[in-house]
Asker: 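Take a look at the following structure, please.
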Amino acid sequence: MTQNADQRPEPETEQTTEQEALQQFELTTRSDIPWLTHFVTGFAVILALLHLWFNTLSTLPELWVSATHFAGFAVICALLYPAHARLRHSKIALSLDILIALGALACLVYIPLAEDDLYARGVKFVTADWVFSLLAIAIALELIRRTIGLFIPVLIVICLSYVVLWGKWVPGMFQFPGLSMETLLYRSFYSADGMFGPIARISWSYVFMFILFGAFLVRSGVGDFIIDLSKAAAGKIIGGPGFIAVLGSGLMGSVSGSSVANTVSTGVITIPMMRKAGFPARFAAGVEAAASTGGQLMPPVMGAGAFIMASYTQVPYVDIVAVSVVPALIYFLSVAFFVRIEAKRSGVHKIDTHSEPFLKVLFRGWHNLIPIGVLVVLLVKGFTPTYAAGISILSVIVASWLSPHKMGPKAIIEALSMGGRNMATTAVLLVGIGLVVNVISTTGIGNTFSLMINEWAGGNLLVMLLLIALASLILGMGLPVTAAYIVLGTLSAPALYQLIAESQLLDLLVQGQLPEQAKAIFMLAAPDQLAALNAPMTMENAQSLLALVPADFKSMLLEQSLGASAVTLALLSAHLIIFWLSQDSNVTPPVCLTAFAAATIARTPPMRTGLTAWKIAKGLYLVPLLIAYTALISHDWGEVLLIGGFAVIGTYALIAAIEGYLEGRLNVLGRLLLTADAAVLLLPGIDWWWRVVAAVIFAVLFVYTARNGTQGIQTMSGTSDTPSSSNQQKVMP
């Protein structure tokens, strides 16, 4: 049988694998009921158009818009997703779900009709207020249970009952005297802080517009262009399929808002390619999971969390995107370094990906880059993200006219419907999370939690980072990434920001460089210490001096000492650290859906695949440390690039030391030398000249192992020398 004949069944096999992955990781839907499918499609189109109007010309009150946002997507969730997979074909269950959908619409209608009367009564509830506020919360809980699972509904119930029932029985700092049920329902349903509050506002504005933008990109064929471009860029080099996975998943992250969807859409192509080249199946799945997880860290579209971060920190979205470029590159390069090392160690093949030259692919599909370019230019020019996304959506349509696959009315309707359906589960989730955020702000538990973890950390930034990483992992077992970031950011960001800013202040005190205006604040707290402020001091003395400043004065002291810009960067750094750590649940056992999805495609053990993905995704922990301890997040681009450049080399050295392989095997001495080299390149406070020396040492080791490596490289023709083949067998995992 010829080689071509052997390869003929592969597309069918890949398609079957993709379907299996989708069936396992996608929700059960009523997609086989024609009239329901047509209704949901049309309703999603109307809802998408309505949101475009909300974000451009509408002057409706935000409460009404948020309620419309929830009710509209609740209708889609109730009709599309049955209460249980076994009830998919039940007519009785469908009838009940239609009633739930009508109930959601009734809550929407009730708000504008009853709002004026409620305030005229002095915010006193009548029977209808009780019914509709409880109904809205119950619908949100049930739909979140269907689409996300039990964890979040249980969390919401615990939070709400804490306010009205058991909070007063909790001993210690978390004791809360309680509110009446009427007050709680008012704050949850009517106020600007509840389920229709700031989180819902972010959902119907920023998040929806960018999910719709992603749907238009996918429908216009940008996803195929990304894969083709990745193949052309990396397909013909050693380990090329692994680099295709890294490039493709990173670029696809700007289109897909889900790491699982990213894994399935690109993994069905890249994982079989990696296996065919000679990568171990588990490693191939781990690379895809790690790269797809990083998709939500890749600018210019960084998932819903970036928009929520902009709202929390009041830092413009474009600034968040700008400072996230170098950290994202460090992460994806770290995954690529694992690919490179494994390719050399396993002696993978150079395979023919049937790709055209890079420039030919780029010139043929250059129009696909126009929408991303329009988005970046508009953001840089200062336009709001929603306006930039709206114009970018129009640019997708116009750009498609430059290709053979022009988007006509049918394609536009399909993209609108896709965007509406893709948004449904996210919208219901974020509205429900608004209830949790409302409880945190109402009870002040966020400040209490911040004080508690600050006390546990004992003023040690590293300990606090470890506590937040542990909390993010636990929350991530039951919460999606965005929800985990919202909860953890609300609870721990203030404490982390305070510690980061104070560490910078302590550095100024140690160096004796405290600004004059800040010394005045110290004079109020400790006038006898003024002389000490004019000279360098030890870290212990600086910490003792800072402890004398009352808590009420510290925010003023930080701003006077560091400046408004540095304080803002410290706040942004805190949120970025939490945002990055929130991603780790995708690849960290025991619950790591992204790794499980990749394992399904690769047909490897899920838990062992999760451990491999966790190892490869080490950048999720390394980058937050760099953000916390260096000026990686800064407006000084020269310093950022310098730190980033050394961090890339240090990351490569650290991975090589962990793997025991660079361009060839490393003995114990080589691994120890690379570990020390990585420490010099990555640790803060080390002179630049030492970093240069460390970089040179790494380059020497790289060249030495390349010249003396024992690993042979096989080719597709099967011509490889015997010694290389035997060496390969010895190091195969």
Side-chain angles (χ1 to χ4, degrees), residues 51 55 62 65-66 69-70 73 144 148 152 155-156 192-214 253-254 257-259 295-324 328 379 384-386 388-389 422-423 425-441 446 468 471-472 475-476 479-494 496-497 568 571-583 585-586 624 627 633:
H51 277 71
N55 285 286
E62 289 184 351
V65 175
S66 296
H69 176 72
F70 167 70
F73 288 112
I144 293 173
I148 305 297
I152 298 178
L155 177 65
I156 293 172
D193 299 316
M195 61 190 299
F196 303 139
I199 305 299
R201 184 165 60 251
I202 294 168
S203 181
W204 60 256
S205 56
Y206 302 126
V207 178
F208 176 80
M209 292 296 288
F210 278 87
I211 284 183
L212 186 61
F213 175 52
S254 294
S258 166
S259 57
Q296 296 191 58
L297 305 171
M298 176 61 74
V301 181
M302 299 168 58
F307 305 114
I308 296 167
M309 190 187 307
S311 176
Y312 276 1
T313 62
Q314 296 301 303
V315 175
Y317 175 75
V318 66
D319 290 350
I320 295 175
V321 168
V323 299
S324 298
L379 289 173
T384 64
T386 52
N422 290 348
M423 182 66 196
T425 57
T426 302
V428 173
L429 167 66
L430 291 179
V431 168
I433 288 296
L435 291 168
V436 177
V437 175
N438 181 40
V439 169
I440 292 172
S441 60
I468 292 174
S472 73
L475 284 175
L479 292 176
V481 167
T482 302
Y485 163 66
I486 293 172
V487 174
L488 198 57
T490 305
L491 291 174
S492 60
L496 182 57
Y497 148 71
T568 301
L571 178 61
L572 179 56
S573 296
H575 278 271
L576 278 172
I577 289 169
I578 295 169
F579 181 62
W580 273 72
L581 292 176
S582 298
Q583 313 290 326
S585 60
N586 286 320
I627 293 174
I633 302 301

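Excluded from the calculations below are hydrogen atoms, water molecules and symmetry mates; all remaining heavy atoms, backbone and side chain alike, are included.
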Asker: Tell me the side chain to side chain donor-acceptor pair (under 3.5 Å) pairs involving residues 426-438, sequence neighbours left out?
Answerer: N438-T442
Asker: Return the OG1 to CE distance between T482 and M309, rounded to the nearest 0.5 Å.
Answerer: 10.5 Å
Asker: With rounding to the nearest 0.5 angstrom, report the CG to OG1 distance, L430 to T425.
Answerer: 9.5 Å
Asker: Verify, without hydrogens or angle tests, whether D319 (side chain) and A310 (backbone) share a donor-acceptor contact under 3.5 angstrom.
Answerer: no
Asker: Assess the residue pair V323 and L576 against the criterion (side chain to side chain contact (heavy atoms under 4.5 Å, CB included)); give the C-alpha distance rounded to whole Å, side-chain angles, the decisive distance to 0.1 Å, and a yes or no.
Answerer: CA-CA 10 Å; V323 299; L576 278 172; 4.1 Å; yes
Asker: For atom OH of Y206, decide whether the heavy atoms of other residues, nucleotides or ligands shown that lie under 6.0 angstrom number more than 12.
Answerer: no
Asker: How close do G432 and I156 get, heavy atom to heavy atom, and via which atoms?
Answerer: O-CD1, 3.5 Å
Asker: Side chains of Y317 and T384: is there a donor and an acceptor less than 3.5 Å apart?
Answerer: no
Asker: So, for V321 and P299, which heavy atoms are closest and what is the spacing to 0.1 Å?
Answerer: CG1-CB, 3.4 Å
Asker: I need the minimum non-hydrogen distance between T386 and S205, along with the two atoms involved.
Answerer: CG2-C, 3.7 Å
Asker: Show the numbers, then the answer: is there a side chain to side chain contact (heavy atoms under 4.5 Å, CB included) between R201 and V65?
Answerer: CA-CA 8 Å; R201 184 165 60 251; V65 175; over 6 Å; no
Asker: State, to 0.1 Å, how close S573 and I633 come at their nearest heavy-atom pair, and which atoms those are.
Answerer: OG-CB, 3.7 Å
Asker: If you look at every heavy atom in S582 and A484, which pair is closest and at what distance?
Answerer: OG-C, 4.1 Å
Asker: Distance check, rounded to the nearest 0.5 Å: I152 atom CD1 versus L429 atom CG?
Answerer: 4.5 Å
Asker: Which atoms form the tightest heavy-atom contact between L379 and A388, and what is the distance?
Answerer: CD2-CB, 4.0 Å
Asker: Using modelled atom types only, decide if a donor and an acceptor are shared between the side chain of T490 and the backbone of I486 within a distance under 3.5 Å.
Answerer: yes
Asker: Begin from the C-alpha positions of H575 and Y485 and carry the test side-chain hydrogen bond (donor to acceptor under 3.5 Å, both in side chains) through to its verdict.
Answerer: CA-CA 9 Å; H575 278 271; Y485 163 66; 2.9 Å; yes
Asker: Would you call V431 and S203 a side-chain contact if the rule is heavy atoms closer than 4.5 Å?
Answerer: no
Asker: Rounded to the nearest 0.5 Å, how far apart are CD1 of I433 and CD1 of I199?
Answerer: 8.5 Å
Asker: Can you tell me how far apart NE2 (H51) and CG (L212) are? Round to the nearest 0.5 Å.
Answerer: 10.0 Å
Asker: Heavy atoms, side chains only, cut-off 4.5 Å: are T568 and T313 in contact?
Answerer: no
Asker: Just how far is it from atom CD1 of I627 to atom CG of L581, taken to the nearest 0.5 Å?
Answerer: 9.0 Å
